[in-house]
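Everything numeric here is computed off the predicted structure, so don't read it as measured data.
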Amino acid sequence: MLLGRIRDVADYPVPGVTFKDITPLLADPEAFSVLTDTLASICVQRGATKVVGLEARGFILAAPVAVRAGLGFIPVRKAGKLPGATLAQSYELEYGTAEMEVHAEDLVADDRVLIIDDVLATGGTADAALQLVRRAGAHVTGIAVLMELGFLGGRDRLKPALREAPLDALVTV
């Protein structure tokens, strides 16, 4: 059901890249509800107390999951988007580098965090999120993604950073 609602867009954002568009899935209330329920059940299985969503599509998935699971939602944003004291983590992208931030007070040592994003590609964003959550003093209970692009090797790249934390991908292409 989920994979059938993900649309391929050829040559986006650059020629040779096939973009995985999740907006048809989000527009389908039944599919979006199944996705939300599935991710919420992972939160419960992992004993999460907070859900971290990665900008921007990770927000769309993680916020309703947090509500469904009865947990707090913590946004991890691009640098410069959060007011107040933040923790920052830089990471590499296919086309350069970037930085993400979280409010310093949003995560504490007792928190058990499930990190949610839409896609695991090369693993750079997920690796930075793992580092950021741990630097905040919280425990990572796992990472859950809607889709893993297996051919890009992100899972293998993340293995050392995951330590004991599981990585759940609902769809692998």
Side-chain angles (χ1 to χ4, degrees), residues 1-46 48 50-69 71 73-79 81 89 91-102 113-130 132-133 140-159 161-162 165-173:
M1 170 186 251
L2 299 178
L3 184 57
R5 297 288 188 250
I6 298 169
R7 178 176 63 133
D8 286 349
V9 179
D11 298 320
Y12 184 82
V14 295
V17 171
T18 300
F19 181 77
K20 301 295 187 182
D21 181 13
I22 67 167
T23 57
L25 187 154
L26 300 174
D28 179 331
E30 184 180 349
F32 194 15
S33 186
V34 166
L35 173 60
T36 301
D37 288 343
T38 302
L39 291 172
S41 72
I42 292 171
C43 288
V44 172
Q45 290 169 7
R46 304 279 181 250
K50 298 249 175 89
V51 176
V52 160
L54 306 183
E55 188 166 340
R57 294 188 300 179
F59 293 176
I60 297 168
L61 304 183
V65 167
V67 170
R68 185 83 41 99
L71 305 174
F73 168 72
I74 309 299
V76 170
R77 306 261 349 241
K78 294 175 184 172
K81 301 289 184 180
Q89 182 66 47
Y91 61 101
E92 291 187 25
L93 297 165
E94 299 90 298
Y95 317 112
T97 61
E99 191 173 55
M100 59 174 53
E101 295 179 331
V102 67
V113 176
L114 183 73
I115 299 168
I116 294 180
D117 204 3
D118 64 326
V119 174
L120 174 67
T122 62
T125 306
D127 185 30
L130 284 165
L132 194 56
V133 169
V140 176
T141 64
I143 296 178
V145 297
L146 165 59
M147 182 175 20
E148 178 179 354
L149 304 180
F151 60 92
L152 291 177
R155 182 178 291 267
D156 289 337
R157 179 177 178 224
L158 273 180
K159 279 183 184 174
L162 283 168
L167 169 61
D168 295 292
L170 304 185
V171 175
T172 301
V173 295

- Item | CA sep, side-chain torsions, deciding dist, call: Leu158, Leu130, side chain to side chain contact (heavy atoms under 4.5 Å, CB included) | CA-CA 9 Å; Leu158 273 180; Leu130 284 165; 3.9 Å; yes
Applying side chain to side chain contact (heavy atoms under 4.5 Å, CB included) to Ala48 and not counting sequence neighbours gives Cys43, Leu71, Leu114, Thr141
All heavy atoms of Ala169 vs all of Thr172, minimum pair found to be CB-OG1, 4.1 Å
Whether the side chain of Gln89 engages the backbone of Ala128 through a donor-acceptor N/O pair (distance < 3.5 Å, no angle test) should be reported. no
Side chain to side chain contact (heavy atoms under 4.5 Å, CB included) with Leu162: of Ile143, Val140, Asp127, only one passes, and it is Ile143
CG (Leu170) and CG (Leu2) are apart, to the nearest 0.5 Å, by 6.5 Å
So NZ of Lys78 and CD of Glu99: to nearest 0.5 Å the spacing works out to 13.0 Å
Sequence neighbours excluded and cut-off under 3.5 Å, please list the side-chain donor-acceptor pairs for residues 9-20, or say none.
unit_1: Asp11; atom_1: OD1; unit_2: Gly16; atom_2: N; d: 2.8
unit_1: Lys20; atom_1: NZ; unit_2: Asp8; atom_2: OD1; d: 2.7
unit_1: Lys20; atom_1: NZ; unit_2: Asp8; atom_2: OD2; d: 3.4

Nearest heavy-atom contact between Ala31 and Arg5 is CB-CG, 4.0 Å
Heavy atoms of Val76 and Phe59 approach each other most closely as O-CE2, 3.5 Å
Report task. Begin with the C-alpha distance, continue with both residues' side-chain angles, and end with the deciding distance and a verdict on side chain to side chain contact (heavy atoms under 4.5 Å, CB included) for Arg57 and Val119. Result -> CA-CA 9 Å; Arg57 294 188 300 179; Val119 174; 4.1 Å; yes
Query raised in the report: Tell me, do Ile6 and Val173 make a side-chain contact under 4.5 Å, heavy atoms counted?
Result: no
Closest non-hydrogen atoms of Leu39 and Ile116, given as atom of the first, atom of the second and distance, are CD1-CG2, 4.3 Å
Between Asp21 and Thr23, the two heavy atoms sitting closest are OD1-OG1, 2.8 Å
Residues Arg155 and Leu120: closest non-hydrogen pair is N-CD2, 3.9 Å
Discussion item. Show, in sequence, the C-alpha distance, side-chain angles and deciding distance for Asp28 and Met1, and conclude whether the side chain to side chain contact (heavy atoms under 4.5 Å, CB included) test is met.
Written reply: CA-CA 10 Å; Asp28 179 331; Met1 170 186 251; 5.6 Å; no
Partner of Leu61 under side chain to side chain contact (heavy atoms under 4.5 Å, CB included), picked from Leu25, Asp117, Leu26, is Leu26
Review point. Got Arg68 and Ser41 here, is their nearest side-chain heavy-atom distance under 4.5 Å?
Key: no
Is there a side chain to side chain contact (heavy atoms under 4.5 Å, CB included) between Phe32 and Ile60 once you walk through the steps? CA-CA 10 Å; Phe32 194 15; Ile60 297 168; 4.2 Å; yes
